[in-house]
Protein chains: 2
Amino acid sequence: METGQREDQRAATQRRRTQLLEAAERVVLRDGPEASMNAIAAEAGITKPILYRHFGDKSGLYRALAKRHTDALLATLRTALDSPGDRRDRVEATLHAYLSAIETRPQVYRFLMHPAETPSDEKGFDVGRHSVPLLRRMGEDLGEVIAERLDLGPDTREVARVWGHGIVGMMYAAGDWWLGERPLSRDLLVRHLADLLWGRLAETGDRAGSRGL
Amino acid sequence: METGQREDQRAATQRRRTQLLEAAERVVLRDGPEASMNAIAAEAGITKPILYRHFGDKSGLYRALAKRHTDALLATLRTALDSPGDRRDRVEATLHAYLSAIETRPQVYRFLMHPAETPSDEKGFDVGRHSVPLLRRMGEDLGEVIAERLDLGPDTREVARVWGHGIVGMMYAAGDWWLGERPLSRDLLVRHLADLLWGRLAETGDRAGSRGL
DNA sequence: GACTGCTGTTACCGCAAGTAACTAGCATGT
DNA sequence: ACATGCTAGTTACTTGCGGTAACAGCAGTC
């Protein structure tokens with residue numbers, strides 16, 4: 001039947017693609033990032049070569065998979081960064097947003113952060129750099145926001161980028177550790193991190209008998 | 001010949017082990033972490049099963065390999081943390097020590113930070129936790145130092161751990177980004193990071209026309 | 001009817017991790 | 001002298017994964 005032109009085809013292909021991605025996600029969340037292509041194909045009810053037609057190779061599939069969550073997380077953080085209140089409120093809201101995200105779905109988090117890549121050759125340099133790891137993208141984004149909103153003198157852009165990556169790294173490492181051990185509440189963690197960013201390290205006096213940090 | 005007792009045997013085994021580790025290191029530094037056990041064995045002039053006798057499996061070998069560099073780096077940082085000067089000097093010295101280390105031997109760094117682990121089962125929980133990733137160990141160590149030297153009130157230990165992991169993460173992410181792009185000198189990078197830790201984020205005024213960070 | 005472009009298949013290659021079974025040297029206990 | 005035990009070493013194998021032909025069926029288009 002003359003159902004449609006080429007657009008229908010393309011749309012159908014896209015739908016199939018997202019179906020495959022959803023199957024892949026189910027498997028990855030169940031088996032971890034070392035899930036085999038066979039397992040993913042089986043979950044989707046098909047066989048390997050189709051996955052390869054859609055995504056090129058395994059890293060292509062994983063990149064597509066990562067992009068969805070990465071975009072979602074970045075949007076969430078962006079919202080938090082625009083939340084009402086003073087600067088400290090915004091920073092705490094952003095930390096909360098991030099920690100809440102990784103706390104809610106730790107498996108997704110592990111997948112995004114420890115992708116167990118096996119690229120080896122990387123012919124050319126893939127123009128669409130969706131593959132830029134999450135940390136970098138978060139760092140760059142935060143750097144831009146900082147540069148937009150703060151006046152840090154002549155090298156504002158430079159400083160802002162450093163801070164963006166630095167703050168993101170702080171959030172990342174503290175979050176990773178916290179997620180593993182959960183030695184305190186999220187509220188407290190956020191407060192301590194914000195205290196650190198607010199210069200409490202510089203203000204605090206040495207402990208008696210110590211040579212000072 | 002009655003060369004020796006059992007101690008000689010054990011010592012010889014240890015020597016052999018470090019020889020194998022050195023061969024493995026050569027290969028990993030040349031081929032990256034995806035080096036095959038066959039390649040490593042060949043470099044050492046032997047065949048696979050011997051590697052497996054010494055290290056159990058691939059991750060065992062990699063853990064042993066990582067431990068050497070991890071210990072060395074931690075010792076370096078510890079020294080920097082004890083360097084003379086005021087607190088800011090020490091912090092900057094530590095940042096310099098870390099950045100200098102990763103700058104000097106980026107391949108080692110990549111190996112340590114992105115080990116491409118394939119554990120999958122982890123039978124029991126290996127008591128000797130040499131495998132604790134570098135970031136965690138650095139964070140814990142720094143946390144201890146902070147708790148030793150600073151008085152942060154009743155929850156000093158808690159706060160110190162958070163800060164330890166946070167600062168290490170800051171150093172890590174900024175260093176990783178910097179190592180890839182090198183957009184500024186190491187000196188400047190260190191200064192900006194120290195500024196961040198010294199509360200400049202809180203002190204700086206909003207940019208005109210911005211809603212404030 | 002021939003062409004294109006998608007869906008899907010089976011059957012294979014190459015290669016890496018890991019294991020089984022076996023041999024050879026060498027120091028020790030009897 | 002002989003057996004024991006411990007190490008270093010081997011060849012040859014199994015299993016499983018990423019990835020790739022080569023092929024078949026089913027739309028709609030010219």
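Since this is a predicted model, take the numbers as computed values, not measurements. Residue numbers begin at 1 in each chain, while the letters A, B, ... track the order of the sequences.
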A.B. asks: Can you give the donor-acceptor pairs under 3.5 Å from side chains of residues 44-52 of chain B to other protein atoms, not counting sequence neighbours?
C.D. replies:
none

A.B. asks: Between atom CZ in B:R53 and atom C1' in C:dT23, what is the gap in whole Å?
C.D. replies: 11 Å
A.B. asks: Would you say D:dG16 has OP1 or OP2 under 4.0 Å from some side-chain N or O of A:S36?
C.D. replies: no
A.B. asks: So what does A:T47 hit on the nucleic acid, given a heavy-atom distance under 4.0 Å: a base, only sugar-phosphate, or nothing?
C.D. replies: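 A:T47: base contact, heavy atoms under 4.0 Å.
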A.B. asks: Could you tell me the separation between the CD atom of A:E34 and the P atom of D:dG16, rounded to a whole number of Å?
C.D. replies: 15 Å
A.B. asks: Tell me whether the NZ or CZ atom of B:R182 lies within the 45° cone about the ring axis of B:W178 and under 6.0 Å from its centre.
C.D. replies: yes
A.B. asks: Would you call the rings of B:W177 and A:H165 parallel, tilted or perpendicular if under 30° counts as parallel and over 60° as perpendicular?
C.D. replies: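 Taking A:H165 first and then B:W177, their aromatic rings lie parallel (interplane angle under 30°).
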A.B. asks: Find the distance B:Q14:CD to D:dA8:C1' and express it as a whole number of Å.
C.D. replies: 15 Å
A.B. asks: D:dG19 base to A:K58 side chain: any donor-acceptor pair below 3.5 Å?
C.D. replies: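 Counting by modelled atom types and ignoring angles, no donor-acceptor contact under 3.5 Å is found here.
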A.B. asks: Once you round it to whole Å, what is the distance between C1' of D:dG16 and CE of B:M37?
C.D. replies: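 It works out to 17 Å between those atoms.
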A.B. asks: Categorize B:R16 for me: base, sugar-phosphate, or nothing, with a 4.0 angstrom heavy-atom threshold over every strand shown.
C.D. replies: sugar-phosphate
A.B. asks: Between C1' on C:dA20 and OH on B:Y52, what's the gap in Å once rounded to a whole number?
C.D. replies: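 Interatomic distance, OH of B:Y52 to C1' of C:dA20: 14 Å.
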A.B. asks: Let me know the distance between CD1 of B:I50 and C1' of C:dC22, rounded to the nearest Å.
C.D. replies: 14 Å
A.B. asks: What is the distance from NZ of A:K48 to P of C:dG14, rounded to the nearest Å?
C.D. replies: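 It works out to 15 Å between those atoms.
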A.B. asks: Between the side chains of A:R161 and A:D155, is the shortest nitrogen-to-carboxylate-oxygen separation below 4.0 Å, so that they form an ion pair?
C.D. replies: no
A.B. asks: Using a 4.0 Å cut-off on heavy atoms, which residues in residues 17-25 of chain B reach DNA chain D? List them by number, or say none.
C.D. replies: none
A.B. asks: Do the charged groups of A:D82 and A:R149 touch, with an N to O distance under 4.0 Å?
C.D. replies: yes
A.B. asks: Tell me, which of residues 39-46 of chain A have any heavy atom that sits under 4.0 Å from an atom in DNA chain D?
C.D. replies: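 The stretch gives none, as no residue of it lies under 4.0 Å from the strand.
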A.B. asks: Round to the nearest Å and state the distance from A:H54 atom NE2 to D:dG19 atom C1'.
C.D. replies: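 It works out to 17 Å between those atoms.
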